[in-house]
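Structure record follows, encoded as structure tokens.
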Amino acid sequence: GKAEPRPKYPRSLPSLPIIGSLLHLAGNPQLHLLFHSLQKKYGSLYSLKMGSHYMVVVNHYLHAKEVLLKKGKTFAGRPHTVTTDVLTRDGKDIAFASYSPLWKFQRKQVHAALSMFGKGTLALEKIICREAASMCETLSTSQDTLLDMAPELNRAVTNVVCSLCFSSCYRRGDPEFEAMLQYSQGIVDTVAQESLVDIFPWLQVFPNKDLALLKRCVEVRDQLLQKQFKEHKEALGSDSANDLMDALLRAQLNMENNNSRLAPPLELTDDHLLMTVGDIFGAGVETTSTVLKWAVLYLLHYPEVQRKIQEELDQKIGFERHPQLSDRQQLPYLEATISEVLRIRPVSPLLIPHVALTDASIGEYTIPKGARVIINLWSLHHDEKEWDKPGEFNPGRFLDERGNRLYSPSPSYLPFGAGIRVCLGEGLAKMELFLFLAWILQRFTLEAPPGQPLPTLEGKFGVVLQVQPFKVKARLRAAWRDGV
Ligand code: HEM
Ligand code: PLO
């Protein structure tokens with residue numbers, strides 16, 4: 001017969017020490033930027049082979065969509081790594097678990113619970129507004145002083161997911177909340193970093209003290225989860241499920257009863273249940289609070305954007321009532337600003353690595369089974385062919401000439417990923433971002449500390465693209481000053 005055409009593999013980086021030195025130059029390795037810039041030399045799709053791990057880096061939206069959408073199931077695997085295995089008890093969660101029937105079941109349960117407690121009802125809107133009100137109170141008491149908004153933003157979003165997961169919330173200064181802030185920061189600082197070691201093992205950038213810190217933080221988190229688990233299990237009634245923990249406990253019970261009909265049987269163990277809640281809790285807090293911090297920082301850099309949002313708020317809502325979700329349609333400029341923040345500083349600049357579950361291809365290139373596929377969202381969102389001056393913060397690109405909202409001005413925009421691994425919290429996150437920002441900006445004008453250079457817009461690469469700490473002055477706007 002005819003000879004098979006020879007497989008064509010993505011171009012591979014020949015001289016790894018070059019990257020090593022680039023990383024050293026960068027000091028703090030900003031992998032998304034490095035992978036973005038390597039396109040100049042190696043094209044938009046290239047590979048790195050290090051030790052036993054073959055990795056492919058995707059920088060173009062056509063390839064990204066092929067991986068996530070067209071061949072989503074083929075590329076739905078996740079790698080095991082040392083740190084994520086510590087965090088998730090060897091991948092018993094959703095985000096860091098590879099594709100399996102049980103993973104599918106976990107996703108489905110969470111999806112159902114989130115829509116049940118979320119968009120269908122007004123309950124979630126009420127919770128978010130309660131937290132927005134409390135945050136605005138705190139901001140007005142520390143008016144005109146320089147304030148790090150991070151803990152306040154963090155408490156607000158924490159309480160939203162706390163309500164959702166456990167029907168509980170924290171007051172200011174609650175020691176358990178302080179402990180939570182600490183462990184979560186510890187996890188963000190250490191988890192998924194060793195993937196660097198996988199790529200550049202000679203760098204030894206992952207010292208053991210980081211692993212020890214991660215283990216300590218995970219232990220604190222696990223105690224907190226365990227306590228909620230126990231309380232919910234004891235209180236579980238026969239009819240109503242009040243939160244995600246209840247919903248999963250109920251699913252676990254149903255499963256035990258119905259398993260005889262399922263072949264092969266699935267088992268949602270206590271570990272799976274806890275790690276699933278841990279995922280939603282962790283994702284719920286760290287992603288949304290990070291975006292809020294980026295939004296505030298960009299408003300300091302672009303006061304004219306802040307002014308425009310406030311004009312829109314004043315016109316469409318005024319000062320007699322609070323913003324609500326049904327105002328979203330009426331506030332396209334605020335919505336466009338949120339979209340632009342998610343473009344210019346994607347929370348998850350390299351997504352979570354995908355793994356090819358079978359031999360596959362991307363474009364004309366052969367991808368072997370087991371390859372790790374990194375989607376560089378940063379490259380998609382900063383592609384000069386798709387975005388006019390991608391480095392510039394310009395909410396206007398998400399509006400048409402009449403000021404109407406453009407949902408996606410370019411196909412090269414995927415802040416929440418796509419396909420079977422798409423973010424589970426997109427709806428929730430968008431509600432929170434809209435309401436928190438609308439509440440804050442209706443009442444306050446945010447200003448940078450006077451007489452100092454503006455805080456840096458440079459992110460810190462990690463499992464989320466973090467904002468470096470900065471302070472703001474929240475000034476009560478004129479209409480609110482005479483006591484409302
Ligand atoms: C996964 C973005 C908020 C839960 C992801 C992924 C991205 C993302 C890019 C990875 C997709 C992939 O690997 O292909 C965001 C952004 C958020 C946000 C930009 C905020 C603006 C949330 C919230 C929750 C959440 C609030 C929880 C309620 C998850 C989960 C996954 C995920 C569970 C893993 C899905 C899987 O692997 O199957 N998110 N997310 N996210 N997100 Fe979000
Ligand atoms: C954040 C710190 C928490 O303590 C644990 C945690 C759980 C789920 C992770 C989240 C962290 C970071 C953001 C992640 C999320 C799952 C999906 C989300 C990775 C590590 C994104 C943006 O992909």
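If you read the sequence from its start, that first residue is 1, and numbering goes on from there. This one's a predicted model, so the numbers in the text were calculated from it and none came from an experiment. Atoms considered below: every heavy atom in the structure, side chains included; atoms not considered: hydrogens, waters and symmetry mates. All ligand and atom numbering here is 1-based and tracks the order in the structure.
Per-residue contacts place Trp103 under 4.0 angstrom from the following atoms of ligand 1 (heavy atoms of the residue considered): 38 (O). Ligand 2 places these atoms under 4.0 Å from at least one heavy atom of Asp279: 8 (C). Applying the 4.0 Å criterion to heavy atoms of Val188 picks out, from ligand 2, the atoms 1 (C), 2 (C). Atom numbering of ligand 1 starts at 1 in the shown order; those under 4.0 Å from a heavy atom of Ile94 are 36 (C), 37 (O), 38 (O). Residue contact check: Val347 has heavy atoms under 4.0 Å from atoms 19 (C) of ligand 1. Close approach of ligand 1 to Leu424 (heavy-atom distance below 4.0 Å) involves ligand atoms 29 (C), 33 (C), 42 (N). Near Leu351, with a cut-off below 4.0 Å to any heavy atom, the atoms of ligand 1 are 9 (C), 12 (C), 13 (O), 14 (O). Contact atoms of ligand 2 toward Ile352: 23 (O) (distance under 4.0 Å to a heavy atom of the residue). Contact atoms of ligand 2 toward Ser184: 2 (C), 3 (C), 4 (O) (distance under 4.0 Å to a heavy atom of the residue). Listed by atom number, the atoms of ligand 2 under 4.0 Å from Val463 heavy atoms are 19 (C). Within ligand 1, counting atoms from 1 as listed, the ones closer than 4.0 Å to a heavy atom of Ala95 are 34 (C), 37 (O). Listed by number with element, the atoms of ligand 2 under 4.0 Å from a non-hydrogen atom of Thr287 are 22 (C). The Ser348 neighbourhood of ligand 2 comprises atoms 22 (C), 23 (O), with distances under 4.0 Å to a heavy atom of that residue. Of all atoms in ligand 2, numbered sequentially from 1 with element shown, those under 4.0 Å from a heavy atom of Val464 are 13 (C).
Of the possible polar contacts, one joining the Ser412 side chain to the Leu380 backbone as a donor-acceptor pair under 3.5 Å is found. The closest donor-acceptor contact from the side chain of Asn376 to the backbone of Asn59 lies at 3.5 Å or more, if one exists at all.
Regarding atom 11 (C) of ligand 1, its nearest protein heavy-atom neighbour is Arg421 O, 3.3 Å. Gly282 CA, 3.8 Å is the protein heavy atom nearest to atom 6 (C) of ligand 2. Considering only non-hydrogen protein atoms, atom 41 (N) of ligand 1 sits nearest to Cys423 SG, 2.9 Å. Counting protein heavy atoms only, atom 16 (C) of ligand 2 is closest to Ala95 CB, 3.5 Å. Of all protein heavy atoms, the one closest to atom 14 (C) of ligand 2 is Ala283 CB, 4.6 Å.
Heavy atoms of Pro415 found under 4.0 angstrom from ligand 1 belong exclusively to the backbone. Of all the heavy atoms of Arg107, the ones lying under 4.0 Å from any atom of ligand 1 belong exclusively to the side chain.
In terms of N/O distances under 3.5 Å, ligand 1 is not approached by Thr288.
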Arg78/Thr84 under side chain to side chain donor-acceptor pair (under 3.5 Å): CA gap, chis, key distance, verdict: CA-CA 10 Å; Arg78 297 284 197 211; Thr84 57; over 6 Å; no
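The six-membered or imidazole ring of Tyr413 lies near that of Phe398, with a centre-to-centre distance under 6.0 Å. The ring of His382 has its center no closer than 6.0 angstrom to the ring center of Trp387.
Two residues are said to be in side-chain contact when any heavy atoms from C-beta on lie closer than 4.5 Å; Leu139 and Met149 meet this criterion. For the pair Phe75 and Leu68, the minimum side-chain heavy-atom distance is 4.5 Å or more.
Pairs of residues two or more places apart, or lying in two chains, that qualify as salt bridge (charged side-chain N to carboxylate O under 4.0 Å, His left out) and include a residue from residues 157-173 are Glu152-Arg172.
By the 4.0 Å heavy-atom criterion, His354 is counted among the residues contacting ligand 1. Residue Arg78 places a heavy atom less than 4.0 Å from ligand 1.
In the model, Lys71 has a side-chain atom that pairs as donor or acceptor with a side-chain atom of Ser361 under 3.5 Å.
Closer than 4.0 Å to atom 19 (C) of ligand 2 lies at least one heavy atom of the protein.
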